[in-house]
Amino acid sequence: LLATDTTPSTSNLTETGKMLGDIGYKLIDAGVKLSFKNERSRKVAEHVQDQGRPFFKLTNSEKKELRNIVVGQLKTLLKK
């Protein structure tokens, strides 16, 4: 069954949140590499990317917001 906001040509990757729970990370140089812990989630992400919908692509404003969150968390940790 499809969710109410999903069509056969437009999947809803947020319906269950399983893929978000499968995201892992690795610190590399001065950054972070995101990947999936689960093979099925990796294949789904590859499929939607092949359809023109990159799973991990962030807009500039999303990158800025993420940076601000990380910097804020680091400042909090360093104050302790």
Spell out, yes or no, whether Leu77 and Val70 are grouped together once hydrophobic residues are joined by side-chain heavy atoms under 4.5 Å, including indirect joins.
no
Would a 4.5 Å heavy-atom cut-off, applied to side chains only, mark Lys43 and His47 as touching?
no
Would you please name every residue forming a side chain to side chain contact (heavy atoms under 4.5 Å, CB included) with Leu58, sequence neighbours left out?
Glu62, Lys63, Leu66
So if you build clusters from Ile, Leu, Val, Met, Phe, Trp, Tyr with side-chain heavy-atom gaps below 4.5 Å, do Val32 and Phe55 land together?
yes
Taking all heavy atoms of Ile23 and all of Lys37, pick out the closest pair and write down the distance.
O-CE, 3.6 Å
Under 3.5 Å, is there a donor-acceptor pair between the side chain of Asn38 and the main chain of Arg40?
yes
Who passes side-chain hydrogen bond (donor to acceptor under 3.5 Å, both in side chains) against Glu65, sequence neighbours left out?
none
Would Phe56 and Leu20 show up in the same hydrophobic cluster when neighbours are defined by side-chain heavy atoms closer than 4.5 Å?
yes
